[in-house]
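Notes to accompany the following structure.
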Amino acid sequence: MVPTWEARLSDPAIRSARFTSPVLFVLGALNAWSGQAEGDYAAVSTGLCVCVCAAGLFGEDVLQRSYRDDRAVLAHVAAHPGVTMRHLARATGVSERLVARNLDRLTADGLLVLVADGATPALRSYRLAS
């Protein structure tokens with residue numbers, strides 16, 4: 001008997017727009033293509049609508065990704081006041097460049113304050129604004 005391989009995804013992965021939007025886009029494109037091949041223009045228009053909706057879902061996920069990174073940075077600073085940018089990047093798994101962008105945005109919005117303004121950004125530390 002040949003062992004079978006089965007891929008399983010967790011429920012959060014299936015609900016994630018990163019997974020569902022490409023799948024919906026492909027299904028919509030296949031529906032439009034098969035409808036065009038059979039002359040069923042209702043299936044073509046339905047497939048194209050599904051493709052447009054999937055593209056919108058993917059775009060929304062891309063826009064929300066920076067907000068998710070901001071929340072992760074903000075939560076880590078709340079738990080570890082005086083944390084440096086390098087430590088934040090390691091702790092959140094985000095690149096230092098993106099963490100710097102998140103910190104600049106959160107500082108400009110007044111959610112974080114700069115504690116130690118060193119000569120380089122790596123020496124700066126942050127805490128929640130009062």
Side-chain angles (χ1 to χ4, degrees):
M1 177 180 228
V2 177
T4 59
W5 182 79
E6 185 176 323
R8 291 185 184 250
L9 292 171
S10 64
D11 286 340
I14 292 172
R15 288 189 212 120
S16 168
R18 290 181 191 152
F19 178 75
T20 55
S21 61
V23 169
L24 283 175
F25 189 85
V26 168
L27 289 175
L30 287 173
N31 190 36
W33 178 70
S34 65
Q36 188 272 335
E38 294 179 15
D40 183 4
Y41 295 107
V44 172
S45 62
T46 302
L48 292 176
C49 287
V50 169
C51 287
V52 169
C53 291
L57 182 64
F58 182 76
E60 182 68 20
D61 184 55
V62 169
L63 289 174
Q64 293 295 323
R65 191 171 299 148
S66 66
Y67 295 125
R68 284 192 298 271
D69 291 343
D70 281 351
R71 286 192 307 247
V73 167
L74 196 59
H76 194 78
V77 170
H80 304 90
V83 69
T84 63
M85 182 183 65
R86 218 171 253 157
H87 182 258
L88 269 169
R90 276 190 233 118
T92 58
V94 180
S95 71
E96 286 188 32
R97 182 177 54 88
L98 290 176
V99 168
R101 188 179 305 157
N102 292 338
L103 289 171
D104 289 342
R105 184 173 36 243
L106 292 169
T107 303
D109 290 346
L111 296 171
L112 295 179
V113 292
L114 191 59
V115 175
D117 191 10
T120 63
L123 298 177
R124 295 178 185 164
S125 60
Y126 296 85
R127 67 172 175 78
L128 291 178
S130 346

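Please read these numbers as outputs of a predicted model, since none were measured by experiment.
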Q.
So which atom in P81 and which in A78 form the shortest heavy-atom distance, rounded to 0.1 Å?
A.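 Closest pair (atom of P81, atom of A78, distance): CD-O, 4.0 Å.
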
* To do: Considering non-hydrogen atoms only, spot the tightest contact between G82 and R127 and give its length.
  =>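 G82 and R127 have their closest heavy atoms at N-CB, 4.2 Å.
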
What residues form a ring pair (Phe, Tyr, Trp, His ring centres under 6.0 Å) with H87, not counting sequence neighbours?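 By the ring pair (Phe, Tyr, Trp, His ring centres under 6.0 Å) rule, H87 matches H76.
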
So, taking the atom named CG in L112 and the one named OG in S125, what distance separates them when rounded to the nearest 0.5 Å?
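Here the interatomic distance stands at 11.0 Å.
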
Residue pairs meeting ring pair (Phe, Tyr, Trp, His ring centres under 6.0 Å), one or both in residues 88-113, sequence neighbours left out, come to none

*Determine, stepwise, if the pair Y126 / V113 fulfils side chain to side chain contact (heavy atoms under 4.5 Å, CB included).*
CA-CA 6 Å; Y126 296 85; V113 292; over 6 Å; no

Review item, side-chain donor-acceptor pairs of residues 26-35, under 3.5 Å, at least two apart:
from : atom 1 : to  : atom 2 : distance (Å)
N31  : ND2    : A43 : O      : 3.4
S34  : OG     : L30 : O      : 3.1
S34  : OG     : N31 : O      : 3.2

Besides V52, the hydrophobic cluster formed by Ile, Leu, Val, Met, Phe, Trp and Tyr side chains linked at under 4.5 Å, directly or via other members, contains none

Under 4.5 Å between side-chain heavy atoms, chaining through other members, with only Ile, Leu, Val, Met, Phe, Trp and Tyr counted: pull out the rest of the cluster around Y41, sorted by chain and number.
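Members other than Y41 - counting any ILVMFWY side chain reachable under 4.5 Å - are V44, L48.
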
Set of side-chain contact (heavy atoms from CB on, under 4.5 Å) partners for A54, sequence neighbours left out
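For A54 the side-chain contact (heavy atoms from CB on, under 4.5 Å) partners, ignoring immediate neighbours, are L24, F25.
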
Listing, residues 103-111 side-chain donor-acceptor contacts under 3.5 Å, not counting sequence neighbours, or none:
from : atom 1 : to   : atom 2 : distance (Å)
R105 : NE     : D70  : OD2    : 2.9
R105 : NH2    : D70  : OD1    : 3.2
R105 : NH2    : N102 : OD1    : 2.8
T107 : OG1    : L103 : O      : 2.7

I'd like to check the side-chain hydrogen bond (donor to acceptor under 3.5 Å, both in side chains) partners of E60; sequence neighbours left out, ordered by chain and number.
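Partners of E60 under the side-chain hydrogen bond (donor to acceptor under 3.5 Å, both in side chains) test: Q64.
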
With the side chain counted from C-beta on, respond yes when M85 and L88 share a heavy-atom pair under 4.5 Å apart, and no when they do not.
no

Tested for side chain to side chain contact (heavy atoms under 4.5 Å, CB included) against D69, the lone hit among V99, V94, L74, T92 is V94

